[in-house]
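Some notes on the structure that comes next.
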Amino acid sequence: MEISQEGRSGMRLRFSRWLGLALVSLVALAACQGQGDGQQSAGAVAVPVRVASVREGAISATLSFSGSIQAADQVELLPGTSGRIERILVDVGSVVRQGEPIAQLETDTLRAALKSAAATLQSAQAQLNNALAGARPEQVAAARAGLEAARVKLTDMRDGGRAEQIATAEANVARAQARLYELRAISQAQVDKAAADLASAEARLNQVLNPTLADLQAAEAAAGAAQASLQSAQAGLDRLLHPGPGDVAVAEANLESARARLAAVRERPTIGIIEEAQRAVEGAREALLEAQRRLAGFDNQLRDVSGGAAYLAAWSALNTVRTRLEQDLAGNVPPTQLQADQLAVEAAWQGIENAERDVVWSKLGFTAGEYTAAQSGVKTATQNLKDARKTLVDLDPAPKDEELRAAEVAVRSAEASLDRLVNPSAADVAAAQAAVDQARSALAAAQNRLTTLKDPTPADVEAARAAVASARVAFQAAQAKWGQPKDGVSPSELQAAESDLIRAQNDLALARNPFTAADLQAQEQQVAQLANQATLAENPYTSHDLQRLTAGVAVAEAAVEQARLVLDQATVTAPFDAIVAKKYLSRGALAGPATPIVSLVSSRVEVVFHVEEAALGRIGTDQAVTFTVPAYEERAFMGQVSSIAPIADAASRTFTVKITPEDAAGRLKAGMFANLQVIVAGRERALVIPRPAALERPDGPVVFVVRDGTAEMRRVRLGLTGDSDVEVLEGLAAGEAVVVQGNRTLRDNDPVKVIEP
């Protein structure tokens with residue numbers, strides 16, 4: 001039950017008044033009892049009272065505060081630069097507009113600084129323009145020509161001599177070689193072959209006489225591999241000629257597995273199905289975002305109306321306990337915990353219903369049902385998004401082309417293997433038999449090689465030694481013949497041919513490389529030097545130079561802008577529409593960034609008052625406020641709450657509230673005292689009675705209703721309390737007459753006499 005709308009101080013005051021009236025009533029009652037029994041026996045005397053009718057009407061509850069009028073903006077106006085004041089254009093009480101000059105400082109020095117900065121900028125810009133223009137064209141052309149000539153020469157030097165000279169030298173070498181080969185008894189290739197045969201025979205003998213562990217292991221491995229190859233080939237031939245039931249079953253199982261794999265690959269979802277699932281996820285995400293935006297819009301509106309914050313807090317509490325219930329249902333928790341969660345959810349719903357009654361829905365563009373639907377919409381959209389994501393995750397990826405082809409090849413291979421086992425062709429049998437024969441021959445050779453290494457016979461050793469001796473004789477004979485002329489050719493003739501070949505080879509080397517490495521290095525250095533000169537001619541300024549010059553221009557421009565800004569700051573202007581409140585300096589005084597010239601206050605004012613924490617929840621921005629000031633007691637001013645401090649004052653533990661007043665005539669001045677009335681609640685249609693009609697009793701409020709000349713005491717439940725009326729929620733009906741004067745000493749069923757006002 002809402003007993004008071006005027007804050008804690010009003011409650012204490014009314015309680016004190018009620019206690020005093022109660023004491024007075026008790027004293028009067030005792031006096032009446034001292035003589036009342038005799039009077040009642042002779043006949044009761046009617047008590048004169050005044051009455052008023054219970055009526056329907058509007059009522060509003062207000063809170064009262066004290067505040068002050070303050071200027072909305074106030075500033076101590078300081079110049080942005082230092083200088084002597086040349087002129088002050090305002091005086092105390094002057095009205096100025098935003099941008100209007102207030103004072104003017106001397107500017108001669110500042111103008112000279114601006115002119116110097118502009119000259120520096122012009123010089124820096126000229127240097128940058130020269131750098132951007134680049135080198136003179138004739139200098140660039142000369143440097144490029146010199147570089148090109150040096151490069152051509154270097155190319156010629158690297159290419160060697162002239163092609164016709166090289167061709168002639170190569171022809172001379174070929175003729176000299178042919179002549180020498182004609183004169184020799186044997187060629188160099190024949191000598192090299194004899195040397196290779198000798199080395200092979202010696203290695204063979206060394207293995208026979210002193211086989212190493214590696215030689216034996218290699219021979220054994222070769223024999224084992226040959227044996228395995230023979231067994232594999234024989235097994236393959238046997239399967240072709242006499243396939244067993246197990247072989248056929250394995251082949252059939254392999255074929256069935258390959259076919260199942262191919263079917264599984266083909267049955268996997270297509271790209272279209274996966275894309276459709278992805279679109280479903282995107283659609284669910286967009287739906288969730290839209291539901292969240294709709295709910296957020298409702299939330300923002302609720303924060304700005306009375307009761308909205310509590311309503312939002314109740315919904316937040318419901319979402320918290322509902323989430324905990326869902327988690328516990330999915331987990332392994334005792335039944336008692338689930339029951340407690342369910343009770344918490346039901347209590348949260350009840351809290352929402354209670355908070356909903358205090359929301360001023362008439363100021364909102366939606367109803368409580370629409371807000372509940374928005375909450376459910378967010379929850380449903382969240383679940384839909386989870387389901388769409390799960391559906392997408394459960395889909396296997398679409399098969400790739402190479403994966404499908406591999407599965408088809410595996411099926412064909414399995415079919416061919418099964419067909420060879422069931423119906424082998426003559427060609428398959430012949431090929432298998434040839435593989436067996438070849439493997440058998442390889443095994444015999446490997447076994448002979450291993451036997452020779454493990455236990456060579458004297459005949460094996462003798463044969464190896466004989467092979468070495470024969471190869472050595474052949475090599476020595478080849479060497480002897482290589483240095484000897486053919487029959488009919490003299491030694492001097494052979495020596496002359498060798499000399500001719502050496503001379504022809506030297507001439508070819510000189511024709512191919514007429515320049516030494518030092519010559520090439522010198523020419524390369526010259527090309528590099530000329531390339532640097534050409535680059536410098538084309539770009540006489542490096543990127544670093546351009547950056548430096550560009551930075552110089554930027555610095556000069558900044559200096560000009562700074563000088564212009566300082567010059568502009570010599571004229572002190574009003575930052576907003578204002579009135580000159582104080583004047584600190586006069587003409588000729590030295591002003592600076594730390595010395596204020598005048599104090600300005602805005603003509604626009606605001607009302608400031610402080611609210612305790614208990615009443616803060618009943619005040620919101622844009623809320624209507626009425627107030628009076630002692631200077632104009634005959635009229636009430638209107639205003640709206642423009643701001644509420646986000647934090648409390650540390651000393652007073654109160655919150656500062658500002659009001660924008662309606663004062664087109666400009667009557668309100670900074671420093672005035674204000675008495676404020678803030679309407680915190682109201683109803684357009686309510687049962688109301690005058691405030692004196694309601695009497696506070698220890699067991700609750702009562703009123704006296706006049707019926708047939710008798711005062712009937714009724715207990716009532718009161719609602720909002722206004723300036724002169726109080727709302728009755730229960731206990732009275734419209735049109736009934738209630739006692740408003742003379743009711744302090746009445747008792748139930750006392751006779752009364754209504755006195756007309």
Side-chain angles (χ1 to χ4, degrees), residues 145-210 212 214-215 463-533:
L147 175 61
E148 186 62 26
R151 285 175 174 171
V152 170
K153 184 177 180 180
L154 177 60
T155 301
D156 292 340
M157 293 175 67
R158 286 175 176 172
D159 292 342
R162 298 172 60 182
E164 60 272 17
Q165 293 177 347
I166 296 175
T168 300
E170 289 176 345
N172 293 336
V173 170
R175 283 194 296 271
Q177 286 179 340
R179 177 59 180 168
L180 180 59
Y181 291 159
E182 289 177 356
L183 298 178
R184 280 179 178 170
I186 193 172
S187 66
Q188 182 64 46
Q190 292 174 317
V191 176
D192 294 340
K193 183 178 182 306
D197 292 341
L198 176 59
S200 176
E202 288 176 343
R204 175 73 174 173
L205 175 61
N206 185 52
Q207 285 184 346
V208 172
L209 295 176
N210 301 299
T212 64
D215 294 335
R465 286 175 175 170
V468 171
S470 176
R472 183 176 290 111
V473 170
F475 174 66
Q476 292 172 351
Q479 282 184 322
K481 290 182 179 180
W482 184 80
Q484 297 297 324
K486 287 183 178 180
D487 295 341
V489 178
S490 63
S492 59
E493 189 176 2
L494 180 61
Q495 184 176 4
E498 291 175 347
S499 299
D500 291 341
L501 177 59
I502 294 173
R503 185 167 49 255
Q505 290 174 340
N506 291 334
D507 291 342
L508 176 60
L510 184 60
R512 288 176 174 171
N513 301 291
F515 301 100
T516 64
D519 295 336
L520 289 173
Q521 184 177 5
Q523 186 62 27
E524 289 173 350
Q525 291 176 352
Q526 185 178 6
V527 169
Q529 182 178 1
L530 292 174
N532 291 334
Q533 293 177 0

Going by atom type alone, with no hydrogens or angles, which donor-acceptor pairs under 3.5 Å involve a side-chain atom of residues 463-472 and a protein atom two or more places apart or on another chain?
from: R472; atom 1: NH2; to: E202; atom 2: OE2; distance (Å): 3.1

Test side chain to side chain contact (heavy atoms under 4.5 Å, CB included) applied to A531 - qualifying residues, sequence neighbours left out: L147, R151
Residues in side chain to side chain contact (heavy atoms under 4.5 Å, CB included) contact with Q529, at least two apart in sequence or another chain: Q533
E524: salt bridge (charged side-chain N to carboxylate O under 4.0 Å, His left out) partners, not counting sequence neighbours: R158
Those residues that, when tested against Q526, pass side chain to side chain contact (heavy atoms under 4.5 Å, CB included) (two or more places apart): Q523, L530
Salt bridge (charged side-chain N to carboxylate O under 4.0 Å, His left out) against D507, all qualifying residues, sequence neighbours excluded: none
Distance in Å, N172 CG paired with N506 CG, rounded so as to fall on 0.5 Å steps: 12.5 Å
